[in-house]
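Atoms within a ligand are numbered from 1 in the order they appear, just like the ligands themselves.
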Amino acid sequence: MPPKLLNNFLEKENIDPDLSKLLFSIARAGKFVAHAIRTGDLGLAGTSNLYGENQLALDVLADMIFTNHLKATELVSVIASEEKDDAEQINKNGKFAVAFDPLDGSSLVTTNLSIGAIFGIFEGNNFIGKKGRDMVASCYLIFGPRTVFVMAIRGKILEFTMNELGEFSITNENMQISPVAKTFSPGNLRASSENEKYAKLVDYWQKKPLTLRYSGGMVPDIHQIFAKGNGIFSYPSFSKHPDGKLRLLFECAPFAFASEQAGGLAKDEKGQNILDLEIKEVHQRTPIFIGSKEEVKKSLEYLNS
Ligand code: P6P
């Protein structure tokens with residue numbers, strides 16, 4: 001039985017052919033980024049992004065690789081990258097607006113832990129005023145022992161794993177998230193020292209008991225919820241980031257879109273669905289609780305008790 005490859009799927013599924021071409025191009029770019037991570041320069045690029053974070057050579061390189069691939073499709077009107085200060089118009093006739101974090105968790109590269117890239121895809125030519133719910137697709141890549149590409153379209157989320165020939169072969173045709181969590185990924189534990197309700201929530205998870213699974217990389221930490229079919233990931237606000245650390249457009253909304261296709265849920269600390277948060281500026285941040293529906297709801301009860 002020949003492996004079911006990404007391009008076969010994209011041809012077979014009744015997806016907009018232009019969206020298929022865009023998704024395939026992102027996955028293809030991922031192969032080059034995976035290679036760069038394995039072989040690239042881990043030194044600093046000598047530049048820094050607007051958060052003042054020193055950009056690893058790999059951040060800059062990954063941003064360039066994805067940007068060039070998106071431009072080459074001639075389907076993208078505007079891009080917004082976590083590594084770029086502002087959104088960038090690239091083709092006035094483009095059909096899609098693409099927001100991405102080209103290398104999330106890059107600080108984990110030197111510890112050889114898994115990292116990833118995250119994409120949110122809208123139709124049109126802008127992001128401001130839109131909501132995550134307006135996305136037509138989201139996808140992410142995990143660069144770890146294996147290179148994995150996960151794409152979420154309306155009603156379906158599929159996982160592909162790169163084989164020895166560099167092809168993405170289907171490894172999960174329809175990932176689903178159970179309402180009941182068995183694992184927890186408590187991000188930003190330092191917030192417990194100033195947020196007693198978060199401290200109580202983490203204590204509740206430990207005593208339930210849920211099994212702790214946390215690497216510090218948002219992409220693998222959330223992917224495990226899809227791959228294992230259950231779990232909860234949290235990153236609350238704290239004094240250093242009153243609106244939360246993680247970005248709405250580049251990180252939280254794409255994962256919220258994907259989780260909704262799998263029967264999961266993603267909310268902010270106030271209990272608002274991440275997909276209903278209006279994008280007011282491309283670098284907007286939000287707290288996030290994402291994963292098994294019942295566990296997310298329970299978490300929000302603790303935080304708002
Ligand atoms: P902290 C990595 O830098 C990242 O953006 C996410 O991948 C991860 O979930 C989070 O930050 C970790 O944040 O504050 O614990 O380093």
Side-chain angles (χ1 to χ4, degrees), residues 30 33-34 37 42 44-45 47-60 62-63 66 80-84 99-120 138-144 148 150 183-195 198-199 201-202 205 212-227 231-256 258-259 264 266-269 274 282-291 296 299:
V33 174
I37 290 166
L42 297 185
L44 295 185
T47 56
S48 65
N49 61 23
L50 81 162
Y51 309 109
E53 295 161 350
N54 280 329
Q55 287 181 310
L56 277 174
L58 286 174
D59 286 273
V60 179
D63 186 56
F66 285 123
S81 163
E82 189 179 306
E83 296 303 326
K84 290 184 173 76
F100 61 103
D101 180 354
L103 205 58
D104 180 78
S106 54
S107 57
L108 300 172
V109 172
T110 48
T111 55
N112 203 22
L113 285 170
S114 295
I115 56 177
I118 314 159
F119 295 78
S138 73
C139 59
Y140 60 89
L141 286 143
I142 307 172
F143 306 112
V148 170
V150 176
T183 62
F184 72 116
S185 306
N188 198 18
L189 271 184
R190 59 174 93 74
S192 303
S193 63
E194 53 185 68
N195 179 343
Y198 189 51
L201 174 57
V202 173
W205 281 331
L212 176 64
R213 287 290 181 270
Y214 189 75
S215 76
M218 180 186 198
V219 180
D221 286 342
I222 294 182
H223 177 66
Q224 75 179 323
I225 297 173
F226 291 101
I232 183 163
F233 170 92
S234 60
Y235 200 106
S237 63
F238 64 132
S239 49
K240 184 182 173 191
H241 289 300
D243 296 327
K245 172 187 179 186
L246 302 178
R247 285 77 173 192
L248 173 61
L249 180 57
F250 308 116
E251 295 163 334
C252 297
F255 272 122
S259 73
K267 293 203 164 197
D268 68 6
E269 282 170 348
I274 296 285
V282 293
H283 293 283
Q284 186 174 333
R285 299 173 191 261
T286 178
I288 184 170
F289 290 74
I290 183 171
V296 170
S299 305

Does some non-hydrogen atom of G187 fall short of 4.0 Å from ligand 1? no

One pair to check against side-chain contact (heavy atoms from CB on, under 4.5 Å): Y140 and D101. What are the steps and the verdict? CA-CA 9 Å; Y140 60 89; D101 180 354; over 6 Å; no

Please check if the side chain of D221 supplies one atom and the backbone of S215 the other of a donor-acceptor pair under 3.5 Å. yes

For F119 and F66, I'd like to know if the aromatic rings sit close, meaning centre-to-centre distance below 6.0 Å. yes

Ranking K245, R190, H241, M218 by closest non-hydrogen atom to atom 11 (O) of ligand 1, top hit is K245

Heavy-atom nearest neighbour in the protein, as seen from atom 8 (C) of ligand 1, with distance rounded to 0.1 Å: G216 O, 3.2 Å

Any chance the side chains of S185 and Q224 put a donor and an acceptor closer than 3.5 Å? yes

Relative to the heavy atoms of G105, which atoms of ligand 1 are at a distance of less than 4.0 Å? 2 (C)

Between E194 and S239, is there a donor-acceptor pair closer than 3.5 Å when you use the side chain of the first and the backbone of the second? yes

Numbering as shown, the atoms of ligand 1 that approach G217 to under 4.0 Å (heavy-atom distance): 7 (O)

What's the shortest distance from atom 14 (O) of ligand 1 to any protein heavy atom, and which residue and atom give it? Y235 OH, 2.6 Å

Have a look at ligand 1 and work out which part of E82, if any, has a heavy atom under 4.0 Å from it: side chain, backbone, both or neither. neither

So does D59 get a backbone contact from the side chain of E83, meaning a donor-acceptor N/O pair under 3.5 Å? no

Can you find an N/O atom of D104 closer than 3.5 Å to an N/O atom of ligand 1? yes

